[in-house]
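Notes to accompany the following structure.
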Amino acid sequence: MRKTILTGIKPTGQVHLGNYIGAIKPALELAKAADYKAAYFVADYHGLTKINNPEEFRHLSYGIAATWLALGLDPNKVIFYRQSDVPEIFELNWILSCFTSKGLMNRAHAYKAIVDSNKRLDKDIDFGVNMGLFNYPILMAADILMFKTEVVPVGKDQVQHVEIARDIAESFNNSYGETFLLPEYKIQDDTAVLPGLDGRKMSKSYKNTIPLFEDPKKLQKLINKIKTDSLPPEAPKNPDISVLFMLYKEFATFVEVEKMKEQYIKGIGWGEAKKELFNVMNRFIEEPREKYNELMSSPEKIDKILKEGAEKARAISVPFLKEIKSKIGF
Ligand code: TRP
């Protein structure tokens, strides 16, 4: 039996190369593996806890969908939908909230981090916390449990959320008998931590990212901004400590990487190394960028794909919610 894997992608920012290498690429590979049945979705209602501007919300939601499609997600193989198109999830969200102790939510990392920071700043502990943020893990549990998910591929920061989903599932099952499957998480490999413009991990919070679908001119400009040392062109350089080389490795072929290594050791000018990096990055991005731009300019195409996905998702969620409600006594 193929296992069900499911993951949600929150539309709260522009997707960058670090997201692609660290999260999107491995998730797409998992979805292709023969032993999984995959469901990937745009977690738009989760985004609402942060984004309050309608234009931005729309743009980011479409942007996430277009990114996955442009990078090769096949909607015929993966159930690909928008969370807000599957209303049963929100009904389940309420049901689950009645089986979630408030203390469990008090201990959720994202909420606790804000409380701690408020305490340090001598503010009310709940300053800046809306109930969407507080209840975030329950909605995520509904996402996961609705589709009898067995495996949730996530980053380390989301592990606790999957554990919370297990706790909530158990609490419901204790009252009504085996209903929900207990999901497991699969941590996405950390080996491919992509350095950003300043050499630290590429991350939105460090403002050091290279957006995935940047046009070639801007891409070149960003690459030119990558920090290097002041060695002259002819000086031998150590590829293992060069950010340019670390990035190059992710996008070049094996043969290209070996050759570049030799050039570093012989001595290569940083300008030249940057040009070479641009070439391999741009080569990789070119095709998906075109597809992305095409999708973004006709959002009705994205809508159609997501609607079809939602129909497939609802073929599961409608009967399952009915079963759950009849157990409760509706
Ligand atoms: N919380 C996840 C994130 O921030 C997004 C998400 C929402 C999710 N629902 C999910 C991930 C269900 C896995 C399963 O990235």
Side-chain angles (χ1 to χ4, degrees), residues 3-16 18-28 30-31 36-51 57 60-61 63-65 67-68 73 78-90 92-93 96-97 100 104-105 108-114 130 132-169 180-190 203-205 209 306 309-310 313 316-317 320:
K3 285 194 170 176
T4 307
I5 56 170
L6 170 142
T7 199
I9 311 105
K10 201 169 47 174
T12 50
Q14 210 181 1
V15 181
H16 57 74
N19 296 142
Y20 173 68
I21 298 291
I24 301 178
K25 193 172 160 202
L28 287 173
L30 277 182
Y36 289 121
K37 255 187 331 216
Y40 290 174
F41 66 97
V42 181
D44 49 355
Y45 264 118
H46 276 113
L48 186 60
T49 62
K50 284 216 176 111
I51 310 286
F57 187 75
L60 289 174
S61 297
I64 289 286
T67 299
W68 283 77
L73 182 140
V78 177
I79 304 183
F80 187 53
Y81 57 98
R82 187 160 38 203
Q83 185 187 35
S84 61
D85 287 337
V86 183
E88 293 74 30
I89 293 170
F90 305 95
L92 181 59
N93 174 61
L96 296 180
S97 73
T100 307
L104 187 63
M105 293 299 96
H109 294 321
Y111 172 67
K112 249 179 72 185
I114 299 179
N130 61 51
L133 190 143
F134 187 70
N135 290 330
Y136 188 109
I138 308 178
L139 181 56
M140 186 158 156
D143 289 330
I144 295 170
L145 301 180
M146 180 57 101
F147 297 98
K148 301 200 168 92
T149 307
E150 293 163 277
V151 181
V152 187
V154 284
K156 276 205 193 100
D157 60 323
Q158 298 295 315
V159 166
Q160 190 198 27
H161 287 153
V162 181
E163 287 168 345
I164 289 174
R166 288 176 68 95
D167 287 349
I168 299 176
F180 297 116
L181 276 186
L182 305 188
E184 275 166 26
Y185 54 79
K186 184 172 171 60
I187 299 190
Q188 256 146 21
D189 207 350
D190 259 358
S203 159
K204 230 178 2 194
S205 37
T209 66
L306 292 174
I316 301 168
S317 64
F320 191 35

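All residue numbers in this chain count up from 1 along the given sequence. Order of appearance sets the numbers: ligands from 1, and atoms from 1 within every ligand. Hydrogens, waters and symmetry mates play no part in the numbers below; they use all other heavy atoms, side chains included.
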### Contact check, side chains of F41 and L306, non-hydrogen atoms, under 4.5 Å
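With C-beta onward as the side chain, the pair stays apart.
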Which of the numbered atoms in ligand 1 are below 4.0 angstrom from a heavy atom of [X]?
X    : value
A43  : 7 (C)
Y136 : 1 (N), 2 (C), 3 (C), 4 (O), 5 (C)
F41  : 9 (N), 10 (C), 12 (C)
V152 : 13 (C), 14 (C)

### Message
Against F147, only a single residue in Y81, F320, F180 fulfils ring pair (Phe, Tyr, Trp, His ring centres under 6.0 Å); can you say which?
### Response
Y81
Please list the nearest protein heavy atom to [atom] with its residue and the distance rounded to 0.1 Å.
atom                    : result
atom 5 (C) of ligand 1  : G8 O, 3.4 Å
atom 9 (N) of ligand 1  : D143 OD2, 2.8 Å
atom 10 (C) of ligand 1 : M140 CG, 3.5 Å
atom 2 (C) of ligand 1  : Q158 OE1, 3.3 Å
atom 7 (C) of ligand 1  : H46 ND1, 3.2 Å

### Message
So, regarding K10 and ligand 1 (criterion: nitrogen or oxygen to nitrogen or oxygen, under 3.5 Å), is there a contact or not?
### Response
yes
### Message
Ring centroids only, cut at 6.0 angstrom: are H161 and Y185 within range, meaning strictly under it?
### Response
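No, too far apart.
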### Distance flag, aromatic centroids of F80 and W68, threshold under 6.0 Å
no
### Message
If we check side chain to side chain contact (heavy atoms under 4.5 Å, CB included) with I138, which of these qualifies: D143, L96, I164?
### Response
L96
### Query
Can any side-chain N or O of E150 pair as donor or acceptor with the backbone N or O of T4 at less than 3.5 Å?
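Pair found, side chain donor or acceptor close to backbone of T4.
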### Query
Within the side chain of T7, is there an N or O that forms a donor-acceptor pair under 3.5 Å with the backbone of P153?
yes
### Task
Go through the side-chain N and O atoms of D44 and S84 and say whether any donor and acceptor fall under 3.5 Å apart.
yes
### Message
Heavy-atom pairs closer than 4.0 Å: do any link ligand 1 to the side chain of I144, the backbone, both, or neither?
### Response
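The answer is the side chain of I144.
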